Amino acid sequence: MEHAIQTPVGDPAWRPAMTRAVAQLKAAFAEHVEVTEGPSGLYAEVLDDAPRLASHLNDLVGHHRSVWTALEELEGRLEEPHSPEAVRWQADRLVGEVWQHRQRGADLLYEAYETDLGGET
């Protein structure tokens, strides 16, 4: 996605490259949601191991919905004759959202499995 964003908008390959990048990101994100949210997914495992993090897990699930909505909006913008700069701005913002989500997930896993709460002998 980042590479497609940086492609010059005057390049005839710009819109097709953006369309492919969005489709690839959408497919990867759908797989991520399936792996994390399923009944035997990562979030269920974290919830079993660290129930204190339930609200953080719910926040991540909610963030999945907002990232998915942003992906669909960007996909729709690429199908319509919007200004390339507006599409770039939205794509750049989406990349930031995905990076933020990734970091929040990593922080949650660290909290679940690497934080020593004490009390063990």
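Just so we're clear, the structure is a prediction, and the values are computed from it rather than from any experiment.
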Any idea how Tyr43 and His32 line up, ring-wise: parallel (<30°), tilted (30 to 60°), or perpendicular (>60°)?
perpendicular

Could you note down all residue pairs passing salt bridge (charged side-chain N to carboxylate O under 4.0 Å, His left out) where residues 79-89 supplies at least one of them, sequence neighbours left out?
Glu85-Arg88

Close side-chain approach of Arg104 and His56, heavy atoms under 4.5 Å
no

Determine whether Thr36 and His64 make a side-chain contact, defined as any pair of heavy atoms from C-beta on separated by less than 4.5 Å.
yes

Which pair of non-hydrogen atoms, one from Gly38 and one from Ala44, has the smallest distance, and what is that distance?
O-CB, 4.2 Å

Pro51 to Asp48 - nearest heavy-atom pair and separation
CD-O, 4.0 Å

Measuring from [X]:[atom1] to [Y]:[atom2], what's the distance to the nearest 0.5 Å?
{"X": "Leu57", "Y": "Glu45", "atom1": "CG", "atom2": "CD", "result": "11.0 Å"}
{"X": "Gln90", "Y": "Arg77", "atom1": "CD", "atom2": "CZ", "result": "4.5 Å"}
{"X": "Glu73", "Y": "Arg93", "atom1": "CD", "atom2": "CZ", "result": "8.5 Å"}

Under the criterion side chain to side chain contact (heavy atoms under 4.5 Å, CB included), which of Leu42, Asp59, Val46 is the partner of Leu108?
Val46

Who else is in the cluster with Leu71 when I, L, V, M, F, W and Y are joined by side-chain contacts under 4.5 Å?
Met1, Ile5, Val9, Trp14, Met18, Val22, Leu25, Phe29, Val33, Val67, Trp68, Leu74, Leu78, Val87, Leu94, Val95, Val98, Trp99

Would you say that more than 12 heavy atoms from the other residues, nucleotides or ligands in this model lie under 6.0 Å from the CZ of Arg102, or not?
no

Indicate whether any N or O donor in one side chain lies under 3.5 Å from an N or O acceptor in the other, for Glu97 and His63.
yes

